[in-house]
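The structure appears right after this line, and notes come after that.
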Amino acid sequence: MNEKVLDLLYRSFDEELSAAERKYLNEMLHKSKKLRSEQQKIKLIRDSIAESVEQSFSPTFSEQVMARLRMKKQKQTNGIEDFLDSLWWAFKRLALAGSIVTLLFIGLSVIQKGKISIDSLLALPQVNLEETLELTVLTEGN
Amino acid sequence: MTDQHIISAVLSGETEAFRELMKRYESRVAATVIGMLGKCQEAEDVGQETFIRFYNNLANFRGEARVATYLTRIAINLSLNELKRRKRRSLFFWSESDTDLEIPDQNPVKDYTGEKELVQQAIQKLEPNFRSVVVLRLIDGLSTEETASILNVPLGTVLSRLARAQKKLKKILAPYMEGR
């Protein structure tokens, strides 16, 4: 069979042929019984393919998808909650450690000075008023 | 209720509304995926993944394409990926796809279920690129232009693949179709 005509025959199922091509194909179909049989075979195969289609998944398909979506949503919510929980947990530990250190410093200050001194807690140099004035006089004398 | 209304409902937090979208498009996705992979557990998994991906991208869905087209695009891409995975696996393990076509019945043309299986098996014999045009054009009933757009190939490529696929299918199925 003429390969060109055969290609034209296949194309005729899926695209609009030009007027000249259509006329030529019709003439060939009219003349050749083999070509007509070929056309029938192609049509039969295309119909069989269209009919062979399986259009459903298992009966639980949509339920399974919904379950996956719910699980995903749950995971997202859990993710945010987990983050906040771990943040709160870390903060509690830090706050506790900070409080213990502060109390230790206060205790140390009370033992050393017999009073609670903010300067010693903050490790600032402790200078009294007399020392400050003395330093000023010395500087002016120079 | 239109698809867009359902999508808006899902986006506003009504996840259950998504069930209605699945009800509308399950058959379309099933036809595409089962056409590409055959009736098997992997097809079921790819079908599920298609809807999950669609759900995840709902916020980006602007309604320019129809939901059916959008879903078909996801389904065909995931199916092609699955076929690539199968091919990689078959490099290591012997694959059943190398065997000859199994005739399900002594006289399959008279048995509707047998013929259906036979045609499905024949489609599975096609290479993925040919199979995808057959599924989109002949099973999903898309136009050649839509097929080209979904597969991201020129129209001429779709037409030539269709012709070659049909020639191959005719060669495989002709002996079983005699007398019809």
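By convention in this document, chain letters (A, B, ...) are assigned in the order of the sequence lines, proteins followed by strands, and residues within each chain are numbered from 1.
- Leu159(B) CG to Arg11(A) CZ: the interatomic distance, rounded to the nearest 0.5 Å, is 7.5 Å.
- No side-chain heavy atom of Ile45(A) sits less than 4.5 Å from a side-chain heavy atom of Gln166(B).
- When the candidates Met66(A), Glu15(A), Gln64(A) are compared by the number of heavy-atom contacts under 4.5 Å with chain B, Met66(A) comes out ahead.
- Here the CD1 atom belonging to Ile123(B) is positioned 5.0 Å from the CD1 atom belonging to Ile49(A), to the nearest 0.5 angstrom.
- Chosen from Ile42(A), Val53(A), Asp14(A), the residue pairing most often with chain B at heavy-atom distances under 4.5 Å is Asp14(A).
- With a threshold of 4.5 angstrom between heavy atoms, Thr144(B) approaches chain A through side-chain atoms but not through N, CA, C or O.
- Side-chain contact between Glu44(B) and Ser58(A) is present, with at least one heavy-atom pair separated by less than 4.5 Å.
- At a 4.5 Å heavy-atom cutoff, the contact between Lys39(B) and chain A is made by side-chain atoms alone.
- Between the CD atom of Glu54(A) and the CD1 atom of Ile139(B) there is a distance of 10.5 Å, given to the nearest 0.5 Å.
- There is no path of hydrophobic side-chain contacts, each under 4.5 Å, that joins Leu155(B) to Ile150(B).
- Heavy-atom pairs under 4.5 Å with chain B peak, among Phe13(A), Phe57(A), Phe61(A), at Phe57(A).
- Only the side chain of Arg137(B) comes within contact range of chain A, with heavy atoms under 4.5 Å apart.
- The candidate from Thr32(B), Leu138(B), Leu162(B) with the greatest count of non-hydrogen atom pairs under 4.5 Å with chain A is Leu138(B).
- Both the backbone and the side chain of Glu49(B) come within contact range of chain A, with heavy atoms under 4.5 Å apart.
- Residues Asp7(A) and Lys167(B) form a side-chain contact, since some pair of their non-hydrogen atoms from C-beta on lies under 4.5 Å apart.
- Both the backbone and the side chain of Val29(B) have a heavy atom closer than 4.5 Å to some heavy atom of chain A.
- Only the side chain of Ile34(B) comes within contact range of chain A, with at least one heavy atom under 4.5 Å from a heavy atom of that chain.
- Leu69(A) is listed as a side-chain neighbour of Phe18(B), based on a closest heavy-atom distance under 4.5 Å.
- Annotation for Arg164(B): atom CZ does not count as buried by contact number, only 12 or fewer foreign heavy atoms lying within 6.0 Å.
- Around the CD atom of Glu63(A), the shell of radius 6.0 Å holds more than 12 heavy atoms that belong to other residues, nucleotides or ligands.
- Only the side chain of Asn56(B) comes within contact range of chain A, judged by heavy atoms closer than 4.5 Å.
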Item checked: Pair Glu51(A)-Lys116(B), side chain to side chain contact (heavy atoms under 4.5 Å, CB included): steps then yes or no -> CA-CA 7 Å; Glu51(A) 285 166 14; Lys116(B) 236 174 122 167; 5.9 Å; no
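- The heavy-atom pair separating Ala30(B) from Ser56(A) by the smallest distance is CB-N, 3.7 Å.
- Taking hydrophobic clusters as Ile, Leu, Val, Met, Phe, Trp and Tyr residues chained together by side-chain heavy-atom distances below 4.5 Å, Met1(B) shares a cluster with Leu71(B).
- Heavy atoms of other residues, nucleotides or ligands lying less than 6.0 angstrom from CD of Glu27(A) number more than 12.
- Lys72(A) contributes atom NZ, which lies 7.0 Å from atom OH of Tyr55(B) (distance to the nearest 0.5 angstrom).
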